[in-house]
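Computation of the quantities below employed the complete heavy-atom set of this structure, encompassing side-chain atoms and omitting hydrogens, waters and symmetry-equivalent molecules.
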Amino acid sequence: MIHIENFTYQVANFKLQNIELEIKENEIFAFLGKTGSGKTMLLEAIAGFYRGNCGAIYISGKDVVDIVPEERKIGFVYQDFGLFPHMTVYENIRYGLKMHRVEKSKMNLRISDMAKLLGIEHILKHYPATLSGGERQRTALARALVLQPRILLMDEPFSALDPGTRSQMYQLVEQIHKTFACTILFVTHNLYEAERMAQRIGIMVNGKLKMVCNTDKLFQNYEDTEILEFIGGYLNDNGTDVSKIERRLNADCTRLQPDK
């Protein structure tokens, strides 16, 4: 679905360096790393916000360097959800459809179906400031998904949610993955969130994609000191015994697998 080849992009003193990555169709993939490691910048590059200094990004085998973001069939959900505060939930969801000049009757039907799927029919006339975190998240997802994207990109999608709402959103994203059969890439600095949601994980350190592995191989011995420092530091900060995580991963048989 996505092939990134030697992609490099520099802004000020920060640089994404020689990114090489293959994303499978219908995969859920997590970019994991500390704040400032380049995760969001790479996600935005895939969306088309940055042309890059060198290298290429292919989607479904097509070089998309000259294709503007709105024509890449990609949905994007930001950490702060990015809702327009002066628009109702309905108007926020409708925004992209209007930009794409979707016929009004089809527009209303798609908004209605999406609101029903995400359980937000009752707040369509409300404004973002009156919504809970979970409702804002669902509205942002509806706005992205109503355009029927092939790829859904999410930047720290669960970080602003309380633990109970976060658990519900994990399940909702899994439902979206099954219903829409879309490829999902998301950014997180939370190791356990990546392990919970993704099939594969890429670790970003200082603008470099240091490693890509299957989720169940995340806790293994690494020779790379930067990877060891990131994972070890996270585990130490959270007082976690790695052996317990390994046993839990080995016993977990419920993780989503890519459709054949």
### Query
Can you list the steps and then say if Glu22 with Arg200 is a salt bridge (Lys or Arg N to Asp or Glu O under 4.0 Å)?
CA-CA 11 Å; Glu22 295 273 359; Arg200 289 193 302 150; over 6 Å; no
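Ring pair Phe76/Phe49: centre-to-centre distance below 6.0 Å.
Nearest heavy atom pair, residue Ile46 against residue Ile74, reads O-CD1, 3.5 Å. Nearest heavy-atom pair across Ile57 and Ala45 is CD1-O, 3.6 Å. The two residues Gly33 and Lys39 come nearest to each other via the heavy atoms O-NZ, 3.1 Å. The shortest non-hydrogen separation linking Asn26 to Ala181 is OD1-C, 3.3 Å.
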Sequence neighbours excluded and cut-off under 3.5 Å, please list the side-chain donor-acceptor pairs for residues 125-133, or say none.
unit_1: Thr130; atom_1: OG1; unit_2: Tyr127; atom_2: O; d: 2.7
unit_1: Ser132; atom_1: OG; unit_2: Glu135; atom_2: N; d: 3.2
unit_1: Ser132; atom_1: OG; unit_2: Glu135; atom_2: OE1; d: 3.4

May I have the list of side-chain donor-acceptor pairs in residues 61-68 shorter than 3.5 Å, sequence neighbours left out?
unit_1: Asp63; atom_1: OD1; unit_2: Val65; atom_2: N; d: 3.1
unit_1: Asp66; atom_1: OD1; unit_2: Arg51; atom_2: NH1; d: 2.9
unit_1: Asp66; atom_1: OD1; unit_2: Arg51; atom_2: NH2; d: 3.1

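Each ring-ring contact (aromatic ring centres under 6.0 Å, His included) pair with one or both residues in residues 130-169, not counting sequence neighbours, appears once here: Phe158-Tyr170.
Counting non-hydrogen atoms of other residues, nucleotides and ligands closer than 6.0 Å to CG of Asn18 gives a total above 12. When the shell of 6.0 Å around NZ of Lys210 is examined, it contains more than 12 heavy atoms from other residues, nucleotides or ligands. Atom OH of Tyr95 sits in a sparse spot, with 12 or fewer heavy atoms from other residues, nucleotides or ligands closer than 6.0 Å.
Under the 3.5 Å distance criterion, the side-chain polar atoms of Asp80 are matched with a main-chain donor or acceptor of Gly82. Counting only distance, with no hydrogens or angles, the side chain of Glu27 and the backbone of Lys24 share a donor-acceptor pair below 3.5 Å. Distance alone, capped at 3.5 Å, places no donor-acceptor pair between the Thr188 side chain and the Leu32 backbone.
Under 3.5 Å, the side chains of Ser159 and Gln79 contain a donor-acceptor pair of N or O atoms. Between the side chains of Thr139 and Asn92, no donor-acceptor pair is found at a separation under 3.5 Å. If you check the side chains of Tyr78 and Glu44, you find a donor sitting under 3.5 Å from an acceptor. Between the side chains of Glu156 and His189, a donor-acceptor pair is found at a separation under 3.5 Å. One side chain, Ser60 or Arg150, offers a donor N or O that lies under 3.5 Å from an acceptor on the other. Side-chain atoms of Gln175 and His177 form no donor-acceptor pair, as typed in the model, at a separation below 3.5 Å. Judged by distance alone, the side chains of Glu25 and Thr183 never bring a donor and an acceptor atom under 3.5 Å apart.
Between Met154 and the choices Ile184, Leu43, Val187, the side chain to side chain contact (heavy atoms under 4.5 Å, CB included) rule is met once, by Ile184.
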